[in-house]
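Computed from heavy atoms alone, side chains included, the values below leave out hydrogens, waters and symmetry copies. Letters A, B, ... are given to chains in the order of the sequence lines, protein chains preceding strands, and every chain is numbered from 1.
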Number of protein chains: 2
Amino acid sequence: MRTAADQSVQNTGANRVTISDVSDALGLTKSTVSRALNDYPDIAEGTRLRVRRMAEKMGYNPLSFAQAIRTGLTRSVGLVIQMADHDAHRPFLAEFLAGVSQGASAEGWTLTLAAANDPDHTLETFSSMIRDRKVDGFIIPRTLVHDDRIELLRRKRIPFVLFGRTADPTDCAWFDLLGEDAMQDAVRRLAALGHSRIGFINGGLQYNYAALRRDGFLLGMQEAGLEADAHLMGDDAVTIAEGRLEALRMLRLPAPPTAIVCAVDMAALGVYRAAAECGLVIGSDLSTLSYDGTPDGAHATPPLSTYAVNFTRSGSTLSSLLIRRIRGEDPQDLRETEQAVFLDRGSAGPPALTSGEIAGRVAQHAA
Amino acid sequence: MRTAADQSVQNTGANRVTISDVSDALGLTKSTVSRALNDYPDIAEGTRLRVRRMAEKMGYNPLSFAQAIRTGLTRSVGLVIQMADHDAHRPFLAEFLAGVSQGASAEGWTLTLAAANDPDHTLETFSSMIRDRKVDGFIIPRTLVHDDRIELLRRKRIPFVLFGRTADPTDCAWFDLLGEDAMQDAVRRLAALGHSRIGFINGGLQYNYAALRRDGFLLGMQEAGLEADAHLMGDDAVTIAEGRLEALRMLRLPAPPTAIVCAVDMAALGVYRAAAECGLVIGSDLSTLSYDGTPDGAHATPPLSTYAVNFTRSGSTLSSLLIRRIRGEDPQDLRETEQAVFLDRGSAGPPALTSGEIAGRVAQHAA
DNA sequence: GTGAGTTCCGAAACCGGTTTCGGCAAGGGA
DNA sequence: TCCCTTGCCGAAACCGGTTTCGGAACTCAC
């Protein structure tokens, strides 16, 4: 019977150079060539060099799936994106994927991508990719405080790397941005501009970053000698609509904030909307600083000042951490963090209005 | 020497059920089991059933890389995204990838993703993925009129499927949306609303869709008995900035358009900007219809009426077409098209102003 | 009853690598 | 000189499948 293999245009590849071709050309056996190329210690240095040069010259490249059959390793990093997620991070997806892909291919690895519709589907996808040995490990984006994906991989003893941190760091390698430092710095900047009533709109509390950024905000307030008013703090705003609502709520308080720090850019763009509706000018009447670095923020008026994340570099770092993890390095040695970069674009300035004046302006526009 | 394989937590997989386990359980040889599962004709129907049931019961799943070593097929579809592209299509990337991934996994295949920085890098990436047999075929997004990627794959005889069409259809399978029909329909709608001076802002001419959409626009004009004024036609606008410039150019003509059809949503959002600068209200003073269905359009005021593309379904269709192509089906039988869906959201209405009145308004705002 | 086909499965080679094991030769110590 | 290491490589098994080939058993026609 004839099946796919030979009906298809592509076949087993006529003139591919195999390890046997290399060993024949050198008068060695393929086992020697294999060990030479894989740096076994029982190969003489001269032989190793001869083999390397010949392999190079003949253009020999081992097939990863042929290696996999014995080693069990596919040389592939896995990534499962969840479609159910709000699209707060969608703008960065391309950059992030590019980074992951480049980090992988720098080591001769590939990126195997899957998409899932909901958390259950995500876990199923992980399981089937593991069962079929599609990948050697996973990158876990958008970590939660308590994350079932981590539980699963820990239990199955599959290597993984987090983009973010999590409550229980056991067996976890990660790369993360110090959002808490950014929030603290944001407060510091606003205080230096003369703000004293500063609000905070946090992101989704299920995400691990939320508690950290909140703590960073509070630390900044404390450092500046300012009181953190519970009424000026909100949670779970990751979209423009949610950010707008939370900002409106704060602005309608008897003593509204003169500045609002947002944990994510989308929420800050919601603050823009709320400000517009209340007749407040962002950057003078009301200041806001945010975090993410979305392209949308740059196009707003005024452009949004934000702490920007380099998603391309993040992705590539994660790939290389994961590969090192798969190669056996201790997770504790594979934990990197980085500072987000502040982009000062004008959405924060000295308070043009007092809290009371803002309250008046808001009341006026409510009528 | 101990290398990656056994230092890593994951190893060759203790209790995995192999084809030999199945054959032993049945008292058959593994060759018989293999042929039974692959529907060879020289296996008795009863045997085939016995084998299937036992394989099912024991939870046997062949390893794709073990099959690949003999068949040459990895059961993986390849996709290379170009980062250099303007980000007109970025918002859809997640949906598109989800579709491709789901279409692949429906057949037990996977998606191997790579990113490239420029056209040359793209071709190199294709070549190395082919050399290392990472994938069995490729999905080619955003096809150009003359596309080097297609040339390469045609030459190397690697199966591929286009998202879009191209000048030379030889060996090409594809899925595409009938943008030309959408443009024609847009003109029809505008004409029905009473517009007679209708402008057209096209996308990048290197893309295959551009000529098609232009022809669709012209056909619509002809059908409506309207004159297509060359001054009211522009090209290569795929960003907000480019759309704005082209719209401003048209609005400053002695006889400006009362409606503008755009080939891509981003250009239409540029029309919004231009209109705002000229004191024109979109949907009454100036109408616009567009194509893509970006989320951004839904948030504009008024929301942008546009012909929307279902990128998830597009991706999944492309995957299944590619798999059929790899299995040997004739490319000519693997060509599907679909209509974009019109979303009427209010950016087009009966002309509130004549062309002359618009010219007056524009001149007034220029001062 | 015999010869020619069919039907169906086993045996073994094969794919392209990796890994284990054994042994030869050189080197070193007594 | 002899023995014991040590260094280095070949031979062969192995990984988990697929594919080729041959032959036993059964069918059917004459």
- In residues 44-53 of chain B, which ones come under 4.0 Å of DNA chain D, going by heavy atoms?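 Per residue number, the list is empty: none.
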Taking only residues two or more places apart in sequence, or in another chain, which ones meet [X] in a side-chain contact (heavy atoms from CB on, under 4.5 Å)?
X       : answer
D333(A) : D330(A)
D24(A)  : none
S128(A) : R131(A)
A44(A)  : T47(A)

- Query: To 10°, what angle do the rotation axes through the five end pairs on each side of the helix from dG1(C)-dC30(D) to dA30(C)-dT1(D) form?
  - Reply: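 Inter-axis angle at the ends, rounded: 50°.
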- Query: Among all residues two or more places apart in sequence or in another chain, which pass the salt bridge (Lys or Arg N to Asp or Glu O under 4.0 Å) test with R335(B)?
  - Reply: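 In terms of salt bridge (Lys or Arg N to Asp or Glu O under 4.0 Å), with neighbours along the sequence ignored, R335(B) is linked to no residue.
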- Output all residues satisfying salt bridge (Lys or Arg N to Asp or Glu O under 4.0 Å) with E151(B), sequence neighbours left out; order by chain, then residue number.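 Residues passing salt bridge (Lys or Arg N to Asp or Glu O under 4.0 Å) with E151(B): R154(B).
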- Task: Can you tell me which residue pairs pass the ring pair (Phe, Tyr, Trp, His ring centres under 6.0 Å) test with a partner in residues 45-66 of chain B, sequence neighbours excluded?
- Result: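 Counting only pairs at least two positions apart or across chains, no ring pair (Phe, Tyr, Trp, His ring centres under 6.0 Å) contact touches residues 45-66 of chain B.
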Where do N or O atoms of nucleotides 12-14 of chain D meet protein N or O atoms at under 3.5 Å, pair by pair?
unit_1	atom_1	unit_2	atom_2	d
dC14(D)	O2	R70(A)	NH1	3.4

Protein and nucleotides 23-26 of chain D: nitrogen or oxygen contacts under 3.5 angstrom:
none

- Task: Could I get the full list of ring pair (Phe, Tyr, Trp, His ring centres under 6.0 Å) partners for F175(A), not counting sequence neighbours?
- Result: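 Counting only residues at least two positions away or on another chain, F175(A) forms no ring pair (Phe, Tyr, Trp, His ring centres under 6.0 Å).
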